[in-house]
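Everything on this sheet refers to the single structure shown next.
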Amino acid sequence: MRKKIIAGNWKMNLKQQEGTILISEVVNMVKDEVTNNALVVLCPPFPHLGYAKKLFQSQANIFLGSQNCADKASGAYTGEVSAAILQSFEVDYVIIGHSERREYYKETDQTLAAKVNLTLENGLLPIFCCGETLQQRQAGQHFQLIQDQLTNGLFHLSAEQFSKVVIAYEPIWAIGTGVTASNDQAQEMHALIRKHLASKYGQAAAHQTTILYGGSVKADNAAELFACPDVDGGLVGGASLKSREFVNIVKAMK
Ligand code: 13P
């Protein structure tokens, strides 16, 4: 069975002390409650990665994720953090191609493909994001666009490499807006993504691939979204900053 994952993307939020408190609360709640159905991945800003893992070392179902990594292996790239450095801090997952990176930092498909390669070469697992704007959806371009993002970012990978990849579908119009994709919209796109993956890697590989939904996931809409047959969990922004809310989302995975 494919992995179910609830990943918390803190984005550029929380100072050290706040981060320590949030992680400790999440660890305690996950420990005490039945959340066996999903893996939890916490993705704080870079400086938190140094201490975060120590707070949940003994917790088998909690993993550490980074929100980004460099598209170069090492060297004179001031301000960047390589996949190798992340690996040395025991990071497990790396979010790649979040729409905020694509839009604000002009990350191209080519840059993202390089990041995917470096992530895998360093033994880390990519969470590869795709998503369309409202304008693109209204123009009926969304299906083609998502297929192109997947093809350009991932389809150079071997089947063995691809088996490590997690996909996150995040419609940009649903991110931070309070507007969630309807269950039908999420399921429709997730099924299309799986079909597109199957066209390259075969049915079995596509069936094994974890596809997360992201965009205004909250404790009160998570269960419905996760009940969609092709939705394998969530990539959660704002709601991952509150321990109770986030753990309730984890518990919504049945
Ligand atoms: P929100 O959950 O705040 O809408 O953010 C979604 C997201 O971008 C997660 O990566």
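Read the numbers this way: they start at 1 and go in the same order the structure lists the ligands and their atoms. Count residues from 1 along the sequence.
Residue contacts with ligand 1, taken as heavy atom pairs separated by less than 4.0 Å, involve Ala174 solely via the backbone atoms N, CA, C and O. Proximity of Asn9 to ligand 1, defined as any heavy-atom pair under 4.0 Å, is confined to the side chain (atoms from C-beta onward).
The main-chain N or O of Glu100 is never found under 3.5 Å from a side-chain atom of Glu103 such that the two would form a donor-acceptor pair. Between the side chain of Arg101 and the backbone N or O of Ile96, no donor-acceptor pair lies under 3.5 Å.
Residue Glu170 has at least one heavy-atom neighbour below 4.0 Å for each of these atoms of ligand 1: 6 (C), 7 (C), 8 (O), 9 (C), 10 (O). Using a 4.0 Å cut-off to heavy atoms of Gly215, the atoms of ligand 1 that qualify are 4 (O), 6 (C). Less than 4.0 angstrom separates some heavy atom of Ser216 from each of these atoms of ligand 1: 1 (P), 2 (O), 4 (O).
In terms of protein heavy-atom proximity, atom 2 (O) of ligand 1 is nearest to Gly237 N, 2.9 Å. Residue, atom and distance of the protein heavy atom nearest to atom 3 (O) of ligand 1 are Gly238 N, 2.8 Å. Scanning all protein heavy atoms for the shortest distance to atom 5 (O) of ligand 1 gives Lys11 NZ, 3.3 Å.
Looking at Glu107 and Lys115, a side-chain N of the basic residue comes within less than 4.0 Å of a carboxylate O on the acidic one, giving a salt bridge.
A donor and an acceptor atom, one from each side chain of Thr20 and Gln17, are nowhere located under 3.5 Å apart.
Where the criterion is an N or O separation shorter than 3.5 Å, residue side chain and backbone included, Glu100 fails it with respect to ligand 1.
With atom 4 (O) of ligand 1 as the reference point, the heavy atom nearest to it among Gly178, Gly176, Gly234 is part of Gly176.
In this pair, Trp10 and His48 present their aromatic rings perpendicular. The plane angle is above 60°, beyond the 30 to 60° band.
Smallest separation of non-hydrogen atoms from Pro44 and Gly65: CD-O, 3.4 Å. Nearest heavy atoms, Leu120 versus Lys164: CD2-CB, 3.6 Å.
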